Amino acid sequence: MSYFSALLLSVLSWLSVAAANTQCHDESFVPDAVLRVTQQNITQSCLASKSNVLINGTSPGPELRLLEGQTYWIRVYNDMTANNVTMHWHGLSMAVSPFSDGTPSVSQWPIPPAHFFDYEIHVPVGMAGTYFYHSHVGFQAVSASGPLIVDDIHVPYYYDDEKIIFIQDTFTNDFETIEEGLVHNPLVWSGEAAAILVNGKGGGSANGTACNASLSVIDVEPGKTYRLRFIGGTALTFSSLAIEGHSSLEVIEADGSYTQKTNTSYLQVAAGQRYSVLLHTLPNPTQSTYYIQLESRERPTITRGFAILNYGASSPPSTFYPPPNSILSLPNSTIGFLDYQLHPLNPTSFPPSSAVSRTVTLTVHQAVRGMTIWLENHYPWVETFPTEPYLISLYKDDGIEFPSMERALQNSGLDPVSRAFPAEIGEVIDIVLLNTGADSGGLDAHPWHAHGRHFWDLGSGNGTYDAVENEAKWNGKQPALRDTTMLYRYGTSTGNGTVQGWRAWRLEVTEPGVWMVHCHILQHMLMGMQTVWVMGNETEVLDKVPRPEVEGYLTYGGDVYGNESHWPTAVHYFDTWAENQ
Ligand SMILES: *[C@@H]1O[C@H](CO)[C@@H](O)[C@H](O)[C@H]1NC(C)=O
Ligand SMILES: *[C@@H]1O[C@H](CO)[C@@H](O)[C@H](O)[C@H]1NC(C)=O
Ligand SMILES: *[C@@H]1O[C@H](CO)[C@@H](O)[C@H](O)[C@H]1NC(C)=O
Ligand SMILES: *[C@@H]1O[C@H](CO)[C@@H](O)[C@H](O)[C@H]1NC(C)=O
Ligand SMILES: *[C@@H]1O[C@H](CO)[C@@H](O)[C@H](O)[C@H]1NC(C)=O
Ligand SMILES: *[C@@H]1O[C@H](CO)[C@@H](O)[C@H](O)[C@H]1NC(C)=O
Ligand SMILES: *[C@@H]1O[C@H](CO)[C@@H](O)[C@H](O)[C@H]1NC(C)=O
Ligand SMILES: *[C@@H]1O[C@H](CO)[C@@H](O)[C@H](O)[C@H]1NC(C)=O
Ligand SMILES: *[C@@H]1O[C@H](CO)[C@@H](O)[C@H](O)[C@H]1NC(C)=O
Ligand SMILES: *[C@@H]1O[C@H](CO)[C@@H](O)[C@H](O)[C@H]1NC(C)=O
Ligand SMILES: *[C@@H]1O[C@H](CO)[C@@H](O)[C@H](O)[C@H]1NC(C)=O
Ligand SMILES: [Cu+2]
């Protein structure tokens, strides 16, 4: 049997899951976790108090811990009075039921103020790792996010303890002002990050101006092994970071997949990326504290932040402040970090280049058309498109035609009518992201993120992508599975439209669904740097949850959105799935 038909068979058996259970989530239904979203004024770092979207009253929100192999219901309350919200389970997309991915322009209507929505998540065994959750509405995710850890049944690496290092940035203006500016004609830029935060705190400097705010403290003991889980929860900042006095870090996980141990002395964490590293603490530390230094890269100015690695845990805990100057010299160039070095811990079903059925190039370009917008293969994705969530449109058949593969194949993979990239179940696609000079000639670096199935990250380069030549660079070893990797810039400017830089992914299309693929810089998203992929044909996509069960999802504030006087009735997708196995 060919690789292709074996794949199809496994998919067909999965598809037998058509009927859907529904259940009324009345007072007898107890969600596994609850998140409450509010809009409140808070102070962060050295900045004046401003409006932020918080989760359970904090930014980052509380840590969520799931166990692989289980199904969970997470209830999200929108306690705001004037804003919609959704929650996206970043990196877990393939584990969510069709309406649980949390994308307001694709998988669901947003949760209206004073309403709640129950998200269903089934984490298969093998998905243990480091994730996060965040709002997918506007610029809210600058603060509305928190760590999500999927615990292992059997941990493949030994460590004594683990610590989360949740990285965020913050800006002088509040999220609503920034959002208005980014879609304004002409563009009103957000400004550069005013601070980098670790676990919600941070001081340092921005563009040379010092900020002496108290730091987060990571308590450790000598002579132990810690798993540090770094989470790139920033809006804009591409962080380069290192730990004073601790120059050997071993990467063991990237974006929720275990890797073979890979040594590095520093890390680069872009918006949307996660890494776990093993840190072997010093047996006999000569200082009681060491700085963790973080710096922005690929921006016109440097924002610097610090946290503390503390061997001297004391009660009551001490307060620590940033050093007056930089302590560590972090590399200036970001290009190619860990590329061709990360390999999966256990072999995966990595398809060889001979199995690739199609190569899709996704060319990004910044244009000024009054507004400043990002185009993908000449099309932007802005507030005016789509006008309702894409999946909902497909169900209602009232706005968007189901994407045509025929039209897409004549247009580099993008169907210009439905503005989607269609893909057939069973295809193996190389997706090649291409960077180009803006109208002004400028170049930017972009952390591209895929919802849906994780891709094998094939690497990056400055010339052109050649599948066979690139495969040779792997030397028979497999690339790691990722969900967010960098489209680098290979210079700060070039000609208008000149291609300079590529990143390639290999994607095995196995499950029907509608998934976003976008740059994870929140500013760029609002300026149009987003795409949608429709995987599977109309029957395959829409029969996952058939009528009449789907009705409650089709209108804003519909039956599946609960409120004070209304219990929602939700589809139990994975219950059905389990019963049919
Ligand atoms: C969030 O807050 C609610 C109460 O306001 C609480 O019931 C819930 O457990 C909290 N969630 C987490 C993950 O801590
Ligand atoms: C909250 O912050 C916003 C700026 O983000 C400000 O306009 C508003 O007045 C503040 N509200 C309160 C109650 O302090
Ligand atoms: C909330 O979402 C609905 C549906 O997309 C939209 O009509 C409404 O304007 C949104 N409200 C706000 C405050 O953005
Ligand atoms: C950074 O600081 C320099 C010197 O004070 C100033 O000229 C420049 O405008 C600042 N840049 C930004 C982006 O704030
Ligand atoms: C990684 O570094 C450790 C020491 O920190 C060393 O023992 C090991 O051999 C290194 N591994 C590789 C692959 O270089
Ligand atoms: C930062 O503030 C702390 C507490 O007020 C103070 O002890 C420290 O000297 C300050 N550091 C600098 C560089 O100003
Ligand atoms: C990075 O560039 C700055 C300014 O050009 C230079 O001072 C610094 O030494 C460089 N750092 C490294 C690690 O190369
Ligand atoms: C950049 O190139 C595009 C496509 O050729 C063209 O429409 C646009 O006017 C150019 N922009 C500038 C500023 O030259
Ligand atoms: C990338 O290629 C372009 C065109 O050949 C060249 O101008 C540029 O210097 C290269 N950049 C890097 C970082 O090698
Ligand atoms: C969709 O694909 C399935 C195979 O998975 C096939 O049986 C069906 O006929 C296709 N439907 C359409 C509308 O093409
Ligand atoms: C609560 O939901 C029900 C059913 O969707 C709706 O009729 C009612 O208007 C909602 N109440 C509020 C206060 O929004
Ligand atoms: Cu971008």
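Just so you know, ligand 1 is whichever comes first in the structure, and atom 1 is the first atom listed for that ligand. Only heavy atoms go into these numbers, but all of them, side chains included; no hydrogens, no water, no symmetry mates. Along the sequence shown, residues carry numbers from 1. Keep in mind it's a predicted model, so treat the numbers as computed, not measured.
Set against the non-hydrogen atoms of D174, the atoms of ligand 2 under 4.0 Å away are 4 (C), 5 (O). Close approach to N496 involves these atoms of ligand 8, each under 4.0 Å from a residue heavy atom: 1 (C), 2 (O), 3 (C), 8 (C), 10 (C), 11 (N), 12 (C), 14 (O).
Looking only at heavy atoms of the protein, atom 9 (O) of ligand 2 is closest to N41 ND2, 4.7 Å. With respect to atom 2 (O) of ligand 6, the closest heavy atom belonging to the protein is N212 ND2, 2.3 Å.
Ion pairing between a basic and an acidic side chain is recognised when a charged N comes within 4.0 Å of a carboxylate O; R503 and D457 show such pairing. A salt bridge is defined here as a Lys NZ or Arg NE, NH1 or NH2 lying under 4.0 Å from an Asp or Glu carboxylate O, and E401 with R407 meets this definition.
Note that atom 14 (O) of ligand 2 has protein non-hydrogen atoms nearby, at separations under 4.0 angstrom. Counting only heavy atoms, the protein gets under 4.0 Å from atom 11 (N) of ligand 6. For atom 7 (O) of ligand 2, no protein non-hydrogen atom is found at a distance below 4.0 Å.
Side chains of S393 and E388: a donor on one and an acceptor on the other come within 3.5 Å. At a cut-off of 3.5 Å, with distance as the only test, a side-chain donor of Q500 or T494 sits close to an acceptor on the other residue.
Across all non-hydrogen atoms, the minimal contact from F132 to F166 is CB-CE1, 3.8 Å.
The shortest N or O to N or O distance between S49 and ligand 2 is not under 3.5 Å.
Here H446 and W374 bring their ring centres to under 6.0 angstrom of each other.
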